[in-house]
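Structure first, then comments.
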Protein chains: 2
Amino acid sequence: MEKFLALSDEKQTLIRNAALSCFSQHGYEKASINDIAKMAGISKASLFQYFGTKQNLYEYLVEHSSTQMKAAYQEQALYANADFFDRVQQAIIMKIDNLKKNPYIAAFIISVAKEPSIEISEHIKDLMQEGEKHLHDLMLRDADLVKFKHPEDAPLLFRTLMHIGYGIVDEIEGVSDFDRIVCEMENILKMLKYHFYKEEYLL
Amino acid sequence: MEKFLALSDEKQTLIRNAALSCFSQHGYEKASINDIAKMAGISKASLFQYFGTKQNLYEYLVEHSSTQMKAAYQEQALYANADFFDRVQQAIIMKIDNLKKNPYIAAFIISVAKEPSIEISEHIKDLMQEGEKHLHDLMLRDADLVKFKHPEDAPLLFRTLMHIGYGIVDEIEGVSDFDRIVCEMENILKMLKYHFYKEEYLL
DNA sequence: ATTTGTATTGACCGAATCGGTTATTCGTGA
DNA sequence: TCACGAATAACCGATTCGGTCAATACAAAT
């Protein structure tokens, strides 16, 4: 492990991305060290030099990804003061930004949760649920309910936005056009805000 | 192949589902005949007795899945007459019903589109795009535009609903509670209809 | 230029698994 | 009891697996 951490940041990222991509695509068992080494452009022996065993590499990736994920959550807290729709928009932009900057972590986390080996996957599932609750509390605040034509719509609207978010993240996948998606998302939010808010709160 | 088609329908489905599940989880290369045979509860030799080669089995699954998918599209055409929101609701219910009855085909089709071997995957991508366009034309009809408070919202609202649909399908995954999701979907549509339609079209 | 220490790797290991074959066993109807 | 087709256990050579190790490439120090 120290051997790996002594590498330059770029090389670390290169190797991590290759491993994250392989593991998230194929799962722990079917992902092979050979594939990862080839994708990273280094020799298989180096990987074992850095991480010792396949399981060690995997566990390192799990920890690195969860801390990175938690950090992303922390960042979102900064924008807790604006209006409901603005907060949602900020959260989505940050999510997509994070996805652009670090494309493999989200897919990897999801793949870990699907692993049959229960030990780690349960822990990750907890982390994801916790993150979702965190997001819920951060977005949906009583102070905004008064702005709705029908305040009782708010929870269902929030769940709707979550569905949209999942759908959009799923559609992104490859090197898709982020800006176009962000733009469409902004238009969707603007449209929904217009219809769900009372006139006097449409700024 | 004739050997396989001579089997009882239940056994055919059992074997198909095992193969679809393995191929969609692991992709063509990493999915092994051993895994499929074990999951289907038959011997590996039988699989080769039925299909000859791995590639043959895969191609059979591709064709079977595309015809099944096309059949599902045809069925949807029956509901082309109702109101916009009713059509969308019907389409989602049918989609989820089909997903419940035939859980592995949708995931398999998506996995085929992701295959690096371009030959088949391109054909499947075309089929998916075609299906999406078919759905679009089926749902969004000029006759309904007059019911909207702002007719220009309709296309974006439709895209929003597509995002929601993707998100929900993605959330279903396992043996989740279909009825709960259908119910939530109905509530979401009712809410959106209320806010987007003119009062006189709320029946 | 030579030595030294280290980062990287090609070549290799036994074991497992791959796709595919074959010879035997099993089940059933005559 | 025999015969026949369906199913499979055992096996095939080839490849790949996770992992090791000795040789090489390379940079710093002398």
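Throughout, a chain's letter reflects where its sequence line sits, starting with A, and its residues are numbered from 1. Bear in mind the structure is a predicted one, so any value in this text is a computation, not a measurement.
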Gap between atom CZ of A:F85 and atom CG of A:L157 - 0.5 Å precision: 5.0 Å

Donor + acceptor pair across side chains of B:R16, B:Y104 (<3.5 Å): no

For atom CZ of A:F23 and atom C1' of D:dC17, their distance in whole Å: 13 Å

Non-neighbouring partners of B:T53 that pass side chain to side chain donor-acceptor pair (under 3.5 Å), sequence neighbours left out: none

Nearest-angstrom distance from the residue atom NZ of B:K11 to C1' of D:dA6: 9 Å

A:Y201 side chain near A:D144 side chain, heavy-atom distance below 4.5 Å: no

Side-chain donor-acceptor pairs of residues 124-135 of chain A under 3.5 Å, sequence neighbours excluded:
from: A:E132; atom 1: OE1; to: A:Y166; atom 2: OH; distance (Å): 2.9
from: A:E132; atom 1: OE2; to: A:Y166; atom 2: OH; distance (Å): 3.2
from: A:K133; atom 1: NZ; to: A:D137; atom 2: OD2; distance (Å): 3.0

Residues touching DNA chain D, which here means a heavy atom under 4.0 Å, drawn from residues 24-60 of chain A: A:A31, A:S32, A:I33, A:N34, A:K44, A:A45, A:F48, A:T53, A:K54

